[in-house]
Student: 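Pasting a structure here, questions to come.
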Amino acid sequence: MTDTHIDKFISSHFHIFRAGLSRDLTITPSEEFLNYLDLTEEYANKKISIFDILPELFGYEGSILELLSDNDKTLRIPNISRTAKRGDIYFNIILAHPPHTKTIFLFVEDTTERMIFEWELQQSRNEIILLNKGISDRNIELEKNNIELELLQNDLKFLNRQLEDKVGERTLELEQNLEKTQRVFEQTVQSLGKALEKRDPYTAGHQERVSDLSVAIARKMNFDSDTVDGIKIASRLHDIGKIYVPSEFLTRPGRLTEEEFNVIKMHPVIGFDILKDIEFPWPVAAIVLQHHERFDGSGYPFGLTANEIMTEAQILAVSDTVETIATDRPYRKTLGLQYALELIMKERGKSLDPSVVDACIDIFFKDGYQLSSPELHIDGLI
Amino acid sequence: MENKFKIIMLGDFSVGKTSLIRRYVENAFDEAYLTTIGVRVSQKSVPLDNNRPDANLLIWDIAGNDGLSTVIHQYIKGSSGAIITGDVTRKETLVYMNKYHALFRDICPGKPVVFALNKTDLLNGGTTPEYVTRFQKEVQETTGFHVIFSSAKTGDSVEQIFMEIASLMTAAHD
C-alpha cells in the first residue's frame, strides 16, 4: 500500500488529513488535505508555506522550530473553526516529530461533529446562565421595588392618619359651627316670634303651641323629619305678618269691623313679604302665605282649594284653628278643646283637609296629646 | 510575516468578543447571541502611517467559556497583543477582565493590552454604573493601558479599539 493509499484510508475512516512538513516550513498537501480545507484549486500540486495554508499557526514559530530540531515532540492546537463552502468546520492542528525520524508530520484532525454537539450544549448552558442572571437581576430589582413600596405604604399610612385627624378636627369644627348656626337660627326665629308677642300679648305662646301641635300632626302623617322641621319653623312664624296690623285691632275685645278684619286678613301676605327673602331650607314663606287658605276655597288671601294648598299649610290651618278656639282670645274666653275638636270634625272635608283632621283627632284621642297651657294669661282683659 | 500581528480576544462569555470582531472586519452586527466554541481566526489589514506596509492583524476569537482552562494557554501563546473585553451591564465580567489580564501578562509578558468595555448601548439612560467608573480608574492607574467604551451594536469606538492595539503592537515591534 502506498502513502497515497494510506492517506486516503486514514482520511476517509478517521477524518485525519496528513501532510509532510519540510524544514523550510512548506508542505505539499495531499488532495484530501486540500479538499478538507476547501483549498484544492488554489494550492493544488504546489509547495505551500504552512502559514499561508494554516494562518492559525502564526505565533507558534518558536514551537515549530523547536519541533524541527527535537524529535519525539508534538504541537497541538485544538478546535480551530473555519467557514468552508460546506459549512462551519472544526479541526485540530497537530505537528509531530516522531522519535528516530527526520520527518515532521502535519495532521489536520476533523472534530466538526463533536464540536457541533458541544456547541449546542454550550449555547444552551450560556442561555440558561444569562436567563438566570436576568431573573436574578429582576428579583433584586423587585426586592428593591418592594422595599420602596413598603416605605411608600408606610408614608401613605402616616399621611392617611394625619388626614383622618384633620378630617376629624374639621368635622368637629363643622359640627360645632352647624350647632351654633342652628342655635342662632332658633334664637332668630324665637326673637321674631317674640317681637310679635310684644305687640299682641294674646298671641303670646300661640305660635309655639301651634308649632307643637303642627309637628305632632305632621309626624302622625308620617312626614319626613326635614318636612316636619319646615312645618315647625313656619308654624312658629305664621302670624309674623300681624306685626304690621295696628295693635289695637289685635288686643281690642269685641268684634272687629269688616275694614278692620280686612286689615287683619292682610297678615299672611305681609308675613310672606317679611320671610320671602330669607333663605330657609324649607318653603316657610309659602306655608305662611297659605295658612289661612281653606280646603273648600273659603280661605284667604287667594281662595285656593284642596290640592292647590300645600299640605304643610293645611296642617298649620288645622292646628291654628284648634289652638285659637281652645285658648282665650281678646274678644272671648276659651271655648275649650272639646269644642275645638268637634269643630274641626265638623269642618272635615269642608274647610279643612280630612286627612289632617283625622291625624289631629288621632293624636288627641289615641295618642293622648295634650295642648300645652297658654304661658300668658292676662286677667281682666275679657 | 514581517507585519503580521496575532491579537487574542479575551473575556467572559457573551461580552461581545465575536460581535466586536464582526463589526470591525465585516462592519456587521447580529442581535442573536451565538456562543463561540474553540477558536476562530479572522484577518484584517490595517494601514500604518509613515509609508510602512499595512499591518495584517490575525484576530483570535476564543470561547469565553474556556475561561482560564489550560487550552486557553495554548491559544494565547505567541500573541502580540490582547483585547480584554467586558460587558458594562454585567459586573462579574469586569472581574474576569482582571483575571484574563493577569493570565495574558504571564504568558505574553510586556505585550500590549486594550481594555474594551462593550455594550454601552444597553446602559440605562446612558448613565455609567459606579462599578464601571471605578474599574476604569483602577485599570488605568495600575496598567497604564487604555479603557475604551464601545458598542458592537452601534459600532461606537470599535475601530478605535483595534487601531489602538495595532498602534501599541507596531510600536512594540519597532
Side-chain angles (χ1 to χ4, degrees), chain A residues 25 37 49-66 74-84 88-95 109-134 136-138 140-141, chain B residues 1-8 12-15 18 21-22 25-26 32-44 56-67 69-82 87 89-93 107-108 111 119 122 124 129 169:
Chain A
L25 302 182
L37 293 173
S49 159
I50 48 163
F51 297 110
D52 286 340
I53 209 162
L54 292 168
E56 293 89 351
L57 282 173
F58 178 76
Y60 296 98
E61 299 89 333
S63 304
I64 296 168
L65 290 174
E66 261 180 52
T74 55
L75 169 66
R76 187 170 177 275
I77 306 166
N79 303 327
I80 290 170
S81 162
R82 277 193 193 182
T83 302
D88 282 352
I89 55 168
Y90 291 85
F91 56 89
N92 299 330
I93 299 175
I94 302 158
L95 284 162
E109 179 188 17
D110 179 51
T111 57
T112 304
E113 205 173 315
R114 178 175 58 82
M115 290 300 280
I116 285 173
F117 175 71
E118 271 187 29
W119 179 86
E120 281 170 359
L121 266 180
Q122 197 60 58
Q123 175 76 9
S124 304
R125 275 194 214 116
N126 287 358
E127 280 175 3
I128 290 167
I129 292 168
L130 291 173
L131 197 65
N132 278 340
K133 165 87 173 86
S136 158
D137 284 352
R138 208 162 287 179
I140 290 167
E141 208 172 314
Chain B
M1 290 197 293
E2 188 61 13
N3 267 318
K4 276 191 176 174
F5 296 96
K6 174 178 174 180
I7 301 169
I8 186 107
D12 197 11
F13 77 94
S14 189
V15 295
T18 308
I21 296 169
R22 190 147 183 243
V25 177
E26 300 169 33
Y33 168 62
L34 295 172
T35 192
T36 304
I37 55 163
V39 60
R40 179 180 285 252
V41 179
S42 303
Q43 295 190 56
K44 180 155 175 161
N56 186 12
L57 307 183
L58 285 98
I59 309 160
W60 282 55
D61 183 18
I62 63 165
N65 290 97
D66 288 340
S69 65
T70 49
V71 70
I72 208 171
H73 294 225
Q74 184 73 317
Y75 292 148
I76 292 173
K77 213 170 170 182
S79 298
S80 302
D87 174 349
T89 67
R90 283 163 62 209
K91 193 177 175 182
E92 71 276 10
T93 65
I107 300 169
C108 303
K111 299 293 181 188
K119 301 197 184 181
L122 296 180
N124 269 342
M169 288 186 305

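Bear in mind the structure is a predicted one, so any value in this text is a computation, not a measurement. By convention in this document, chain letters (A, B, ...) are assigned in the order of the sequence lines, proteins followed by strands, and residues within each chain are numbered from 1.
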Student: Which answer fits B:Tyr33, side chain, backbone, both or neither, if we ask what part of it has an atom under 4.5 Å from a heavy atom of chain A?
Tutor: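 Contact with chain A involves both backbone and side-chain atoms of B:Tyr33.
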Student: Would you tell me whether B:Thr18 and B:Asp61 have side-chain atoms, one donor and one acceptor, within less than 3.5 Å of each other?
Tutor: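 B:Asp61 and B:Thr18 do have a side-chain donor-acceptor pair below 3.5 Å.
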Student: Give, as side chain, backbone, both or neither, the part of A:Thr83 having an atom under 4.5 angstrom from any heavy atom of chain B.
Tutor: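 Contact with chain B involves both backbone and side-chain atoms of A:Thr83.
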Student: Tell me, yes or no, whether the heavy-atom count around A:Lys133 atom NZ, taken from other residues, nucleotides or ligands under 6.0 Å, exceeds 12.
Tutor: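 Yes - once you tally the heavy atoms of other residues, nucleotides and ligands closer than 6.0 Å, there are more than 12.
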Student: So how far is it from B:Ser80 OG to B:Lys6 NZ, rounded to the nearest 0.5 Å?
Tutor: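 Nearest 0.5 Å value for the OG-NZ distance: 9.0 Å.
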Student: Name the member of A:Leu130, A:Leu75, A:Asp137 that forms the most heavy-atom pairs with chain B at distances under 4.5 Å.
Tutor: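 Counting heavy-atom pairs under 4.5 Å, the top option is A:Leu130.
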Student: Are more than 12 heavy atoms, taken from residues, nucleotides or ligands other than A:Glu113, located less than 6.0 Å from that residue's CD atom?
Tutor: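 No.
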